[in-house]
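A quick write-up on the structure given underneath.
No hydrogens, no waters, no symmetry mates; every other heavy atom, side chains included, goes into these values. Start at 1 with the first residue, then count along the sequence. Whatever order the structure lists them in is the order used to number ligands and atoms, beginning at 1.
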Amino acid sequence: MELLEAIHQRRAVRDYLPEAPDDATLGALIHAAVQAPSAVDTQPWRFVVVRQRAMLDRIAREAKAWRLRTESSTELRAHLENPGFHIFYNAPALVLIAAEHASPWVIEDCSLAAQNLMLAACDKGLGTCWIGFAQDYLRSAEGKELLGLPAAWVPVAPIIVGRPRALPPPHPRHEPQVRWID
Ligand SMILES: Cc1cc2nc3c(=O)[nH]c(=O)nc-3n(C[C@H](O)[C@H](O)[C@H](O)COP(=O)(O)O)c2cc1C
């Protein structure tokens with residue numbers, strides 16, 4: 001797949017087949033992720049791969065409860081309060097991209113790595129979705145403890161990965177607003 005094709009075809013996938021991608025496939029996605037640029041070439045990204053079903057469900061449950069404590073949007077609260085709503089959509093794998101420590105630009109660095117990972121997954125026929133709902137919990141002391149992460153790490157991008165059962169239709173983009181200064 002050409003790069004531009006992947007850029008245009010990538011979708012946030014919310015419906016997955018149960019089989020998890022194997023080590024080699026996830027390794028290739030992570031290898032693509034670390035090709036991202038990083039400020040002062042610090043390469044602060046670290047990766048956590050979760051495929052254990054019980055752990056995925058536990059993180060999903062805890063993160064949902066955590067988010068409900070602070071979520072102010074009525075619409076999002078309604079989603080979170082639905083007992084059938086699994087914040088990872090029962091995806092078979094989660095790749096968490098975290099920075100090794102807090103410092104300027106690590107959010108940008110890890111976000112660029114995340115985009116590489118999502119595009120590489122699309123290239124391989126896999127679906128992904130960044131799950132912002134899980135971020136606050138994963139950044140908390142409780143979340144880090146559950147995953148055994150060092151306290152200094154800054155979780156940035158929880159990305160679910162798997163083979164799509166169904167592909168969502170594209171979300172049309174707004175026309176870019178550009179001020180040309182020639
Ligand atoms: C930072 C970030 C957080 C997101 N959090 C969630 C989330 O918690 N749950 C979800 O279903 N989608 C989440 N998404 C996916 C967006 O909803 C999705 O990218 C957007 O609707 C556009 O659709 P597309 O990616 O298919 O083009 C998130 C995306 C980003 C970039």
Any side-chain donor near an acceptor of the partner, Q135 and W130, under 3.5 Å: yes

query: Would you say the side chain of L112 lies within less than 4.5 Å of the side chain of P37, judging by non-hydrogen atoms?
result: yes

Minimal non-hydrogen separation, A120 against A32, with atom names: CB-CB, 3.6 Å

query: What protein heavy atom sits nearest atom 21 (O) of ligand 1, and how far away is it?
result: H171 CE1, 3.4 Å

- prompt: Which atoms of ligand 1 have any heavy atom of G132 under 4.0 Å away?
  reply: 3 (C), 4 (C), 5 (N), 6 (C), 7 (C), 8 (O)

field: Nitrogen or oxygen atoms of F133 and ligand 1 under 3.5 Å apart
entry: yes

task: Tell me which protein heavy atom sits closest to atom 16 (C) of ligand 1, plus the residue, atom name and distance to 0.1 Å.
output: R14 NH2, 3.7 Å

- request: May I ask whether C129 has any heavy atom positioned less than 4.0 angstrom from an atom of ligand 1?
  value: yes

- line: closest protein heavy atom to atom 28 (C) of ligand 1 is W130 O, 3.2 Å

- prompt: Does some side-chain heavy atom of L94 sit less than 4.5 Å from a side-chain heavy atom of M55?
  reply: no

- request: Please confirm whether F85 and Y89 have ring centers closer than 6.0 angstrom.
  value: yes

statement: If we number the atoms of ligand 1 from 1 as shown, the ones under 4.0 Å from a heavy atom of Y89 are 9 (N), 10 (C), 11 (O)

- request: Looking only at protein heavy atoms, identify the closest one to atom 19 (O) of ligand 1 and say how far it is in Å.
  value: A12 CB, 4.0 Å

Atom 25 (O) of ligand 1 - nearest protein heavy atom and its distance: R10 NH1, 2.9 Å

query: Taking atom OG1 of T74 and atom CZ of R77, what is their separation to the nearest 0.5 Å?
result: 8.5 Å

query: Can you check whether V40 reaches W105 side chain to side chain, under 4.5 Å on heavy atoms?
result: yes

query: Any non-hydrogen atom of R173 lying under 4.0 Å from ligand 1?
result: yes

task: Could you tell me whether R11 approaches ligand 1 through its side chain, its backbone, both or neither, with non-hydrogen atoms closer than 4.0 Å?
output: both

message: Please check if the number of heavy atoms outside Q35 that lie under 6.0 Å from its CD is greater than 12.
response: yes

